[in-house]
2 protein chains.
Amino acid sequence: MVKKKNTKGSAKKEIIKNSAAKLFKEKGYSAASMRELASSVGVEAASLYNHINSKSELLHTICYNVAERFISNIDEVEKQEEKAIVKLERLLRFHISEMLDHYEEVYVSDREWRQLDEPYLDEYRELRRDYRKRFSAIIQLGIDEKEFKEIDSNTAVMIFLNAMGAIDQWHRIVHKIERLALEDNFITLLLEGIKK
Amino acid sequence: MVKKKNTKGSAKKEIIKNSAAKLFKEKGYSAASMRELASSVGVEAASLYNHINSKSELLHTICYNVAERFISNIDEVEKQEEKAIVKLERLLRFHISEMLDHYEEVYVSDREWRQLDEPYLDEYRELRRDYRKRFSAIIQLGIDEKEFKEIDSNTAVMIFLNAMGAIDQWHRIVHKIERLALEDNFITLLLEGIKK
DNA sequence: AACTTAGACTAACGTTTGTTAGTTTCAGAT
DNA sequence: ATCTGAAACTAACAAACGTTAGTCTAAGTT
């Protein structure tokens, strides 16, 4: 008797994916066990495999989902005929709202992607490199057009990307200060530093 | 026959600690195995225990070493009778040079401290909270004295601390652009954003 | 020459890991 | 009432884990 695997979005699969994201975020991918995940879903470990194929598939799904959103966003930003500073602001605002709306997933994809196994690890590394390059090109454009200071664009990208990483404490803070206020704080600090 | 443990700084223990930092950085603490560490030191896994007491002790040492340096630095900064902007610049420059000089250790302490076990995990969480508070107080001082813009000081701290997290790619970049240039890029971007 | 000891080794331990096999359950369709 | 199939279960697997016990080696001290 062969079992069919749910390829489409069953409700349970979604629950597992979400629980996994939360667990991976709290413990780290490697330290999180399938038995722990199972119990957080309210099921035995073996039962998970009625819905998923492997632990690594869960991480893969999380990482590639996030990557896809960021890439399709920068696709759009590049298309627009705007000044570099507008493009940069759009990128930053997208980063912020992604973090607020997809907290665990974005966090996990950022800190745990190294645990992907080949060939996806290499491919993912390439995706990240590519994204940074395109981000950097937008900044360089701003520098060339005298909109921005003459800083090293790669350094700037890294600062921007990593500034976004503090999601952990954010979630606590976002209840205290308003979401929009947070966003503006961010934009102020990061954008004013680069403006000429 | 009871074996004495090397409590003082044997050369081998230092080698193990450094290899551990490098390995923990590359694979993550949980995914890194003692057998892997041993082989990177050129020894069998069991032999490591002639020099160390446990895997978790290695992480503990790394994290607390780093914490001690950061705390004693902010101790000094607080003592100085200077404007907030000078204090902030000193903090930022210290962060940067720590990352450049103690690459792996700082990276590991920042990303893997959650893998500490109790009671050190709680204690370390407290140390981090305390550091952020003191950092935040310095920024708030600058706001009160009208040196800085009226941003949320906690948000600013998080941006600053996390901007520092991009050490990974830095090490590659620091060979391309000069160390001092990197530092100045950083200071420009982060400090100009907050200045009034 | 005999003794000591640091530090390597091999072998093994008890756990925990991700995962598979095979069985049971039970709601919905016939 | 019977059949079906998804999804739970129990039991077990082999592999990998951190760690311990006990032994061997070789350099240094007496």
Side-chain angles (χ1 to χ4, degrees), chain A residues 1-21 23-24 26-63 108 112 114-118 120-121, chain B residues 1-21 23-24 26-63 108 112 114-118 120-121:
Chain A
M1 189 194 315
V2 181
K3 282 188 189 150
K4 260 193 264 176
K5 200 60 56 73
N6 248 332
T7 52
K8 285 230 159 189
S10 96
K12 200 66 174 246
K13 183 164 187 176
E14 210 61 27
I15 290 174
I16 293 173
K17 266 176 43 187
N18 292 338
S19 294
L23 188 63
F24 291 171
E26 268 156 23
K27 302 263 207 171
Y29 173 77
S30 289
S33 79
M34 295 302 276
R35 284 167 178 84
E36 227 173 337
L37 173 59
S39 111
S40 89
V41 173
V43 117
E44 290 298 316
S47 306
L48 295 173
Y49 290 84
N50 288 322
H51 304 93
I52 62 160
N53 292 310
S54 67
K55 185 188 184 188
S56 63
E57 183 201 58
L58 284 169
L59 181 62
H60 180 273
T61 304
I62 292 171
C63 288
V108 168
E112 303 291 339
R114 280 163 226 267
Q115 310 293 337
L116 288 168
D117 32 39
E118 301 291 5
Y120 303 112
L121 176 57
Chain B
M1 189 193 318
V2 181
K3 279 188 192 153
K4 262 193 264 176
K5 201 60 57 70
N6 249 334
T7 51
K8 285 230 160 189
S10 97
K12 200 66 173 249
K13 183 166 187 175
E14 210 62 27
I15 290 173
I16 293 174
K17 266 176 43 186
N18 291 339
S19 293
L23 188 63
F24 291 171
E26 269 155 23
K27 301 264 207 169
Y29 173 78
S30 288
S33 80
M34 295 302 277
R35 285 169 176 85
E36 225 173 341
L37 174 58
S39 111
S40 89
V41 173
V43 116
E44 289 299 316
S47 307
L48 294 174
Y49 290 85
N50 288 322
H51 306 279
I52 62 160
N53 291 311
S54 67
K55 184 188 185 187
S56 63
E57 184 200 58
L58 284 169
L59 181 61
H60 180 273
T61 303
I62 291 171
C63 288
V108 168
E112 302 291 338
R114 279 164 227 265
Q115 310 293 337
L116 288 167
D117 33 38
E118 300 292 5
Y120 304 112
L121 176 57

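Naming convention: chains lettered A, B, ... in sequence-line order (proteins, then strands); numbering from 1 in each chain.
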Mark yes or no for a side-chain to base donor-acceptor pair under 3.5 Å between A:Asn50 and D:dA8, with no hydrogen or angle criteria applied.
->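 Looking at the base of D:dA8, it does pair with a donor or acceptor on the side chain of A:Asn50 (distance under 3.5 Å).
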
Should A:Ser56 and A:Tyr29 be marked as a side-chain contact (heavy atoms from CB on, under 4.5 Å) after you check the CA-CA gap, both sets of side-chain angles, and the distance that decides it?
-> CA-CA 9 Å; A:Ser56 63; A:Tyr29 173 77; 3.6 Å; yes

Look only at the side chain of [X] and the backbone of [Y], and say whether a donor-acceptor pair between them is shorter than 3.5 Å.
X: B:Glu44; Y: B:Ser39; answer: no
X: B:Lys55; Y: B:Ser33; answer: no
X: B:Ser40; Y: B:Leu37; answer: yes

Without decimals, in angstroms, what is the distance between [X] [atom1] and [N] [atom2]?
X: B:Ile52; N: D:dT20; atom1: CD1; atom2: P; answer: 10 Å
X: B:Ile15; N: C:dA6; atom1: CD1; atom2: P; answer: 18 Å
X: A:Tyr49; N: D:dC9; atom1: OH; atom2: P; answer: 15 Å
X: B:Leu48; N: D:dC17; atom1: CG; atom2: C1'; answer: 14 Å

Under-4.0 Å side-chain N/O to phosphate OP1/OP2 contact, [X] with [N]:
X: B:Lys12; N: C:dA8; value: yes
X: B:His51; N: C:dA6; value: no
X: A:Ser47; N: D:dC9; value: yes

For the atom pair [atom1] ([X]) and [atom2] ([Y]), what is the distance rounded to the nearest 0.5 Å?
X: B:Asn18; Y: B:Leu58; atom1: CG; atom2: CG; answer: 10.5 Å
X: B:Lys13; Y: B:Asn50; atom1: NZ; atom2: CG; answer: 12.0 Å
X: A:Leu48; Y: A:Arg35; atom1: CG; atom2: CZ; answer: 10.5 Å

Beyond-backbone contact of B:Lys17 with B:Ile62, side-chain heavy atoms, under 4.5 angstrom |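 Heavy-atom side-chain distance check fails, nothing below 4.5 Å.
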
Could you tell me whether the side chain of B:Ile52 reaches within less than 4.5 Å of the side chain of B:Met34, counting heavy atoms only?
->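 In contact.
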
In residues 30-44 of chain A, what residues come within less than 4.0 Å of DNA chain D, judged by heavy atoms?
->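 Output list: A:Arg35, A:Val43, A:Glu44.
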
Contacts to DNA chain D from residues 54-62 of chain B, heavy-atom cutoff under 4.0 Å, which residues?
->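 Within this stretch, B:Ser54, B:Lys55 sit under 4.0 Å of the strand.
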
